[in-house]
Amino acid sequence: MSLLDFFTDPVLRGPTWGTLFMCIASSLMGGVLFLKRRCLLGESLSHAAYPGIVAGVSLFALLFPEHDESAFFGMLAGAFATSFLGFKAIEWMEKKEKVRSDAALCFVLALFFGIGTVAASAMQSSLPSWRTKIHALMFGQAATMSDFHIALYAMLTSAVALFLFFGFRHLQAVLFDSDYAKTAGLPVRWIDWAIFWLFLFALILGIRSVGIVLMSGMAIAPAIAARQFTDRLQSFFCLSALFGALSGLAGNIISVMGTIALSKSGERLTLPTGPSIILIGAAIALLSLLFAPKRGWAFRICRIAAFRFRCLQENVLKAMWKKESYLFNEFQEIHRVVPLMLHAILWRLKQGGWIVKAKEQYILTADGRRKAASIVRLHRLWELYLASELGVSHEKIHLNAEEMEHILTPDIEERLTRLLANPKVDPHSQPIPERSFL
Amino acid sequence: MNQYAVETESLHVNYGKTAVLWDISFKIPRGCIVGILGQNGAGKSTLFKAILGLIKPLSGKIDLLGGCRVSDVRQKIAYVPQRESIDWDFPITAEEVVLMGRYGRLGLFGRVRKADREAAANALDLVGMRLFAKRQISQLSGGQQQRLFIARALVQDADLFLLDEPFAGVDMATEKAIMELLKVQKQQGKTILVIHHDLSTVEEYFEWSILLNTRLIACGPLTEVFHRENLIRTFGKGQMLFDEAADSLAKSQSGFL
């Protein structure tokens, strides 16, 4: 079985294309909700669909007992009905009764899911064969998707893509600053309406392959990942779709391969599609949170370490400015860092041309002297500013200046100089090195 | 057609169970810069939202730009919201925020035209922000963020500007620069309403003033209304009894009492 088979084989292509389209649609609409800061709405609405699914399938079973292959439509209709009801209940509680948003969302989730669970167990005795259909929806069942599902999901994805493309500017304004969008006369109601219905469609159709319990995770995980990489709305949506598609494809392939492997080993087990997709999506989100270039945790740690290292270097330079030459041991007495770190600092300073080493003695170069003087200047300027402009007491200014001397930019330095009328001495009566000398 | 930019008649606004605005009637002539003064919770922002049609008043009438309803003159009103109401982490660049000022009149399917982009670039230039056009908005300083939203209002070519605390978290130089821009707008016959906190600069900035403390204390030329007695009424506590009574009325009206 090759990778291509997943897209062409009559049995395999249903789940592959189906989940692919479904994941793109739901991750795009999930991105919209993510920016609206309403992620939990997805969770509440997918759970609110449960009683509707039970009721829809039951009604369908009573009306058309011999068409059990089309129970999908009963499920859809019911899911829409109760999800919509859940949404209206949330809206009513938030707006009219001023219930806090999180409380309203939790309440609807618990209430509707509870009703659904009770109703589902009631089916157990009366409609046992139909109940298995519902049970499969809890965590999704992609394996039984057909070409019909491909067409349905492709239509949904096209609708979402068209909405995002043609409504992009309006959507951007509504998401960013909804009050402003209203005052500018944009069709805010229509946009909100479109967002809601497209999201609901994506959510409910998605339940078929990912399941009630996991659906909202599928919608949000790609958005979390995408936000880590970009500051532009266009690329945010493109990346969301990409990550959604990746998790859909990979999750589906893993699930099929895994199930085949399990059956070869003789176990009667399946690796379900929904959880596989979610795990891939979550892995992408997690990796993005850790390793995205700008916002990622790993790079932030690196930048923090680099900053600390620079502070240490500057502190060493500053100490050397006050005394002609240093022995290694003398450094160790003032700077409480491990010897290895101190070696690294001194090596880096030597590399930078700020200091030279002669006969075990470390001496500042002319460049190093200038740089050190500029740090001292920043330190003392800041002390003076704190004491004279902000009235901070003399005991406290030194520690604050110790930190700020590494932060102040030439621009701030210039403004400080102007504000303090190019001062000559700091509050401790120490001379402030001149800029011209630097 | 009359010459008033904003005209309200016995405007009442309740926020849930509290009365926020109480019987507000005033007239603001076109072509002046108006300072709206009042303490926290005096209903200043609510007045703006009522004028903009974002909240529905309990009763009363608001006429804009010579007797029009807000829904007929939306393009002509530019609104600069309070800084806190903005999601600064939103994935949007400075340039696009300014461009948003044109969204009220986009082409078919909401396409942005070249003219819109050029207008946005010019507005960014005008507020001295061209260099920051491509920055995500959280990477701007407070003063820059505020200037950005002024640029968005300018690019709209509005006749009426509503600025909700444009000088909050802004340095003095930026404040003066914004004021200069507004004065140029005024000279073109535009009306500018500014919610303002710093009483020391009122006389320098405004020629007309509204003093608000749930009810209208005064509205008129600064020389007539900006005096000690009115300020005590606006910022003093003599009003507490009135507020309490107004609150219980609001509660009764919304069924909480």
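Letters A, B, ... mirror the listed sequences (proteins, then strands); counts begin at 1.
Atom CZ of A:Arg169 is separated from atom CE of B:Met100 by 8.5 Å, given to the nearest 0.5 angstrom. Taking CG of B:Leu54 as the start and OG of A:Ser178 as the end, the distance is 8.0 Å to the nearest 0.5 Å. Once rounded to the nearest 0.5 Å, the distance linking CG of B:Asp89 with CG of A:Asp231 reads 8.0 Å. Here CD1 of B:Ile92 is found 13.0 Å from CZ of A:Phe236. Values are rounded to the nearest 0.5 Å. Between the CZ atom of A:Phe165 and the CZ atom of B:Arg111 there is a distance of 4.5 Å, given to the nearest 0.5 Å.
Of the listed residues (A:Lys98, A:Arg227, A:Arg232, A:His170), the greatest number of heavy-atom pairs within a distance under 4.5 Å of chain B belongs to A:Arg227. Ranked by heavy-atom pairs under 4.5 Å with chain A, the list B:Gln156, B:Gln75, B:Arg135 is led by B:Gln156.
Within the 4.5 Å cutoff, no side-chain heavy atoms of B:Phe90 are placed close to those of A:Asp177. Proximity of B:Pro81 to A:Asp179: side-chain heavy atoms (C-beta onward) are nowhere separated by under 4.5 Å.
If you measure heavy-atom distances from B:Phe48 to chain A, you find no contacts under 4.5 Å at all. With a 4.5 Å cut-off on non-hydrogen atoms, A:Gln234 touches chain B through its side chain but not through its backbone. For a residue to count as touching a neighbouring chain, one of its non-hydrogen atoms must lie under 4.5 Å from one of that chain's; by this rule B:Lys49 touches chain A with the side chain only. Residue B:Val97 touches chain A through its side chain alone, counting heavy-atom pairs closer than 4.5 Å. If you measure heavy-atom distances from A:Leu186 to chain B, the contacts under 4.5 Å come from the side chain alone.
Counting non-hydrogen atoms of other residues, nucleotides and ligands closer than 6.0 Å to NZ of B:Lys61 gives a total of 12 or fewer. Surrounding CH2 of B:Trp88 are more than 12 heavy atoms belonging to other residues, nucleotides or ligands, all under 6.0 Å away. Summarising the local packing, CZ of A:Phe107 is surrounded by 12 or fewer heavy atoms from other residues, nucleotides or ligands at distances under 6.0 Å. Residue B:Arg69 places its CZ atom among 12 or fewer non-hydrogen atoms of other residues, nucleotides or ligands, all under 6.0 Å distant. Residue-environment remark: CZ (A:Arg310) exceeds the threshold of 12 foreign heavy atoms within 6.0 Å. Taking a 6.0 Å sphere around CZ of A:Arg308, one finds it holds 12 or fewer heavy atoms contributed by other residues, nucleotides or ligands.
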Mind running side chain to side chain contact (heavy atoms under 4.5 Å, CB included) on B:Ile137 and A:Phe176 for me, showing each step along the way?
CA-CA 11 Å; B:Ile137 52 172; A:Phe176 175 57; 3.6 Å; yes
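Scanning all heavy atoms of the two residues, the minimum distance from A:Ala173 to B:Tyr103 falls at CB-CD2, 3.6 Å. Between A:Arg37 and B:Asp87, the closest heavy-atom pair is NH2-OD1, 2.9 Å.
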